Amino acid sequence: MSREFPIGLTPPDWLVRNLRPQRAPLNWPAMARASISMALPLAVGLAAGRPAYGALASMGALSGVISDTADAYRMRLLNIAVPQLFGAVGITLGALFYGHGWVTVAVVTAVALVSGMISTIGAVASVSGLVLLLDAVIGAGLPLPGPWWLAPALTCGGALLVLLLALLAWPLRSGVPERASVATAYRTVADLLAACGDPGRYDEVRYDVTQSLNQSYDLILAHRARHHGRSPELTRLLAQLNAITPVVEAAPAVHLAGQPLAPEVPEAVRNLARAVGTGYTGPIGLALPAPTTETGRAVDHALRHAADVVAVPDVDPRGIDDRLGSPASLSIRTARAARNVTLSANSWRYGLRLALCIGLAQVLVSIIPVPRSYWVALTITFVLKPDFGSVFSRALLRSLGTVAGLVVAAAVLAEVPRGWWDVPTMMILAPLIPAFTPRGYGYQTAAITPVILLLSDILNHQGTGLLLPRLVDSLMGCAIALIAGYLLWPESWHTRVGDRLADAVADTARYVECAFGSAADPAARARMRRRLYRDLSVVRTEFQRALTEPPPTGQRAAAWWPLVVAVERIVDATTAARVRVKHGAEPPSSAEITQVSRQLRELSEGVRQAETLVAVRTDLTGPADSVLEPLRQEVAAARAIASPR
């Protein structure tokens with residue numbers, strides 16, 4: 001029989017959201033790589049009579065395991081190798097200035113500034129900045145064995161082992177992850193078609209489609225840029241991605257019509273997904289019911305076009321347009337990133353925040369004798385990563401995860417004899433890191449903590465004496481990050497998210513004008529729609545992060561959350577109207593288009609300027625039989641959401 005909490009003991013929603021584990025399948029290959037790559041260096045070090053060297057190599061492997069998150073082999077190469085180069089620089093700088101007092105404080109603080117600034121470039125740069133600072137702190141806080149070059153060589157060697165294991169199957173599986181990514185996009189589109197007419201399920205699946213298409217386009221376009229369009233396989237995959245776009249555009253029209261599709265329609269898309277995933281290029285028979293409506297004709301036409309593209313073995317690259325725009329060359333992107341880092345206020349702001357917290361931690365541990373003082377700075381480095389989630393949430397989860405990890409570490413350090421028993425112990429503990437990381441930051445911390453303490457004990461031989469200093473240092477680091485990196489920088493959720501939402505609404509107004517303009521380029525319209533859905537996906541993610549923060553931030557985010565969903569529905573309604581016009585409906589008048597776009601721009605300005613919900617007009621009128629009538633209803637609903645209760 002279920003038992004409910006008394007009202008006074010019910011945990012707040014923001015705490016429940018933080019502690020709820022995320023669903024994710026177990027990545028068995030990554031778990032196997034973690035087990036081998038972190039245990040093997042320990043075994044080699046013990047066999048050579050240098051267990052400390054093996055522990056350093058395992059620390060490098062730990063960094064590689066944390067970075068081993070990509071499916072595509074080329075992305076694994078970047079995700080693992082590039083951060084380790086920065087890590088080698090960091091540990092070298094730290095070791096060179098180890099024990100130099102205030103000079104060490106200044107050097108580590110400067111590294112923190114650089115680390116924070118480059119972290120704003122992108123995902124790989126963010127991890128590289130993280131590893132740069134982590135290794136610099138370790139080098140400055142630990143007396144490392146051997147000459148100055150040995151520690152970076154060992155850590156890079158450990159990460160290289162992870163990379164080699166990750167790339168073992170590349171010659172046999174080249175291109176398989178890319179095909180799997182496109183096939184997954186097709187399957188999510190099939191789920192979207194199956195959810196049409198079901199309001200509760202449709203919105204959730206639509207978000208999954210956006211995420212899947214974003215990942216596939218990022219992967220394919222990035223690789224195609226390096227191949228300069230010469231790879232037939234990548235060109236064909238890009239054509240298949242483009243071919244599913246009309247199906248995605250037709251889905252909102254079907255959903256707004258309120259009539260579910262026949263089961264044969266989503267099943268046809270799943271058949272196409274299987275053909276894409278296996279690389280099949282033969283004829284594909286589609287058993288589709290005869291369409292009787294505008295939306296039915298749109299879906300039928302889009303599916304038959306997609307089937308034709310999937311069946312074609314060779315695609316002319318000159319006929320393929322990149323729906324998100326072709327990426328610039330590597331040299332141009334590097335120069336652009338360097339310019340943005342140097343001139344961006346956001347880059348300097350985050351760099352200064354991180355440098356302030358690291359500097360305070362280094363000063364504090366220089367004045368107050370703290371055992372294993374480098375753990376304080378390590379904690380700050382992990383917690384103060386706004387691009388990884390809410391700083392408040394990460395501090396909370398770091399504290400709770402450390403406590404849970406210390407329980408496991410206490411049993412390991414107390415019961416497992418040091419020596420060769422460390423190898424099977426590491427083989428058991430290491431796979432927990434890739435298994436728990438997708439569940440959330442707290443679960444990742446709980447998995448990493450016993451591994452770190454086991455390696456630290458090999459270097460320092462302190463046993464359970466490491467437990468209390470680890471807890472104290474972690475709590476100190478969380479406190480510094482919360483005070484100096486969070487509370488002293490009062491950036492409200494409106495500043496971080498509200499402006500992005502306002503930009504998305506303004507872009508939606510431009511999309512409405514572009515969708516029904518006679519001179520609009522279809523490829524440009526498709527790129528605009530994809531970018532708009534991508535931006536809304538980012539806004540949704542930022543709002544979900546804000547919901548995990550305590551009041552008043554979480555309450556504000558909860559109050560504005562329905563508006564995020566409303567804007568997504570406005571984009572869907574616009575796309576649906578465009579599809580209906582393309583397949584025979586009467587186009588809207590210019591006066592209708594102007595009225596809707598003006599109302600959207602007014603809504604955008606209201607969102608941008610308001611700290612709280614404000615009153616707005618909802619006087620949208622027009623012909624009841626117009627294709628824009630559903631869009632007007634969605635705009636009116638969005639503006640009503642932005643009215644006070």
Side-chain angles (χ1 to χ4, degrees), residues 203 206-207 209-211 214 249 252 255-256 324 491-517 520 524-547 556-578 588 590-622 627-645:
D203 289 338
R206 177 188 55 193
Y207 177 69
V209 169
T210 299
Q211 293 291 91
N214 287 348
E249 291 178 341
H255 179 63
L256 289 177
L324 295 182
E491 298 176 7
S492 68
W493 73 269
H494 176 77
T495 302
R496 187 170 64 248
V497 182
D499 286 345
R500 288 185 175 179
L501 180 58
D503 290 340
V505 176
D507 290 342
T508 303
R510 286 190 287 272
Y511 176 56
V512 170
E513 295 170 340
C514 177
F516 301 102
R525 184 167 54 238
R527 285 193 293 270
M528 181 179 293
R529 188 187 65 83
R530 288 293 309 131
R531 289 195 182 99
L532 187 52
Y533 275 113
R534 179 186 290 265
D535 291 344
L536 287 172
S537 175
V538 172
V539 170
R540 175 185 281 258
T541 300
E542 290 293 341
F543 265 93
Q544 289 173 338
R545 289 176 178 175
L547 289 172
R556 288 178 179 172
W560 284 79
W561 174 250
L563 185 58
V564 179
V565 178
V567 174
E568 292 175 338
R569 290 176 177 172
I570 289 172
V571 179
D572 272 355
T574 304
T575 302
R578 174 64 200 175
S590 58
E592 290 182 83
I593 298 171
T594 301
Q595 181 195 48
V596 171
S597 61
R598 184 181 68 251
Q599 294 273 336
L600 286 171
R601 288 192 171 90
E602 290 179 3
L603 176 61
S604 172
E605 289 304 311
V607 171
R608 193 183 306 280
Q609 297 172 7
E611 284 290 334
T612 57
L613 303 182
V614 296
V616 292
R617 294 182 298 108
T618 56
D619 55 344
L620 280 162
T621 59
V627 292
L628 290 191
E629 179 60 23
L631 175 58
R632 281 195 292 267
Q633 293 176 5
E634 295 294 349
V635 173
R639 303 202 66 173
I641 290 172
S643 301
R645 297 290 186 265

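Just so you know, these numbers come straight off a predicted model, no measurement behind them. Computed from heavy atoms alone, side chains included, the values below leave out hydrogens, waters and symmetry copies.
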J.: Rounded to the nearest 0.5 Å, what separation is found between the CG atom of Leu563 and the CG atom of Leu501?
T.: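 Result: 5.0 Å between the selected atoms.
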
J.: If I take atom CD from residue Gln633 and atom CD from residue Glu629, how far apart are they, to the nearest 0.5 angstrom?
T.: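 Taking CD in Gln633 and CD in Glu629, the distance rounds to 4.5 Å.
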
J.: Using the salt bridge (Lys or Arg N to Asp or Glu O under 4.0 Å) criterion, which residues pair with Arg569? Sequence neighbours excluded.
T.: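 Only Asp203 meet the salt bridge (Lys or Arg N to Asp or Glu O under 4.0 Å) criterion with Arg569.
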
J.: Using a 4.5 Å cut-off on heavy atoms from C-beta on, say whether the side chain of Tyr533 contacts that of Glu568.
T.: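 With C-beta onward as the side chain, the pair stays apart.
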
J.: Closest heavy-atom contact between Leu256 and Glu634?
T.: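 Residues Leu256 and Glu634, closest heavy atoms: CD2-OE2, 4.5 Å.
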
J.: Ignoring hydrogens, what is the shortest heavy-atom contact between Ile570 and Leu631? Give both atom names and the distance.
T.: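 Scanning both residues, the minimum pair turns out to be O-CD1, 3.5 Å.
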
J.: Regarding Gln599 and Gln595, is there a side-chain donor-to-acceptor distance under 3.5 Å anywhere?
T.: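 No, because no side-chain N or O of Gln599 sits under 3.5 Å from a partner of the opposite role on Gln595.
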
J.: What is the distance from atom CZ of Arg206 to atom CD of Gln211, rounded to the nearest 0.5 Å?
T.: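 Here the interatomic distance stands at 12.5 Å.
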
J.: Picking from Val635, Val571, Val567, what satisfies side-chain contact (heavy atoms from CB on, under 4.5 Å) with Val505?
T.: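 Of Val635, Val571, Val567, side-chain contact (heavy atoms from CB on, under 4.5 Å) with Val505 is met by Val567 alone.
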
J.: Please give me the minimum heavy-atom distance between Ala576 and Pro252, naming the atom from each residue.
T.: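 It is CB-C, 3.7 Å.
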
J.: State, to 0.1 Å, how close Ala509 and Arg601 come at their nearest heavy-atom pair, and which atoms those are.
T.: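 Heavy-atom minimum between the residues: CB-CG, 3.9 Å.
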
J.: Rounded to the nearest 0.5 Å, what separates atom OG1 in Thr508 from atom CZ in Arg529?
T.: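 Reported value, rounded in 0.5 Å steps: 12.5 Å.
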
J.: Using every non-hydrogen atom in the two residues, find where Glu249 and Thr575 come nearest and quote the distance to one decimal.
T.: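 Taking every non-hydrogen atom into account, O-CG2, 3.3 Å.
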
J.: First locate atom CG of Leu532, then atom OG1 of Thr210, and finally report the distance between them rounded to the nearest 0.5 Å.
T.: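 Reported to 0.5 Å precision, the distance equals 10.0 Å.
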
J.: Drop me the distance from Arg531's CZ to Tyr511's OH, to the nearest 0.5 angstrom.
T.: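 Going from CZ on Arg531 over to OH on Tyr511, the span is 13.5 Å.
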
J.: Is any side-chain heavy atom of Leu536 closer than 4.5 Å to one of Tyr207?
T.: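 Side chain of Tyr207 against side chain of Leu536, heavy atoms only: no contact under 4.5 Å found.
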
J.: Please identify each residue that fulfils side chain to side chain donor-acceptor pair (under 3.5 Å) with Ser597, with sequence neighbours left out.
T.: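 Result, side chain to side chain donor-acceptor pair (under 3.5 Å) vs Ser597: Glu513.
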
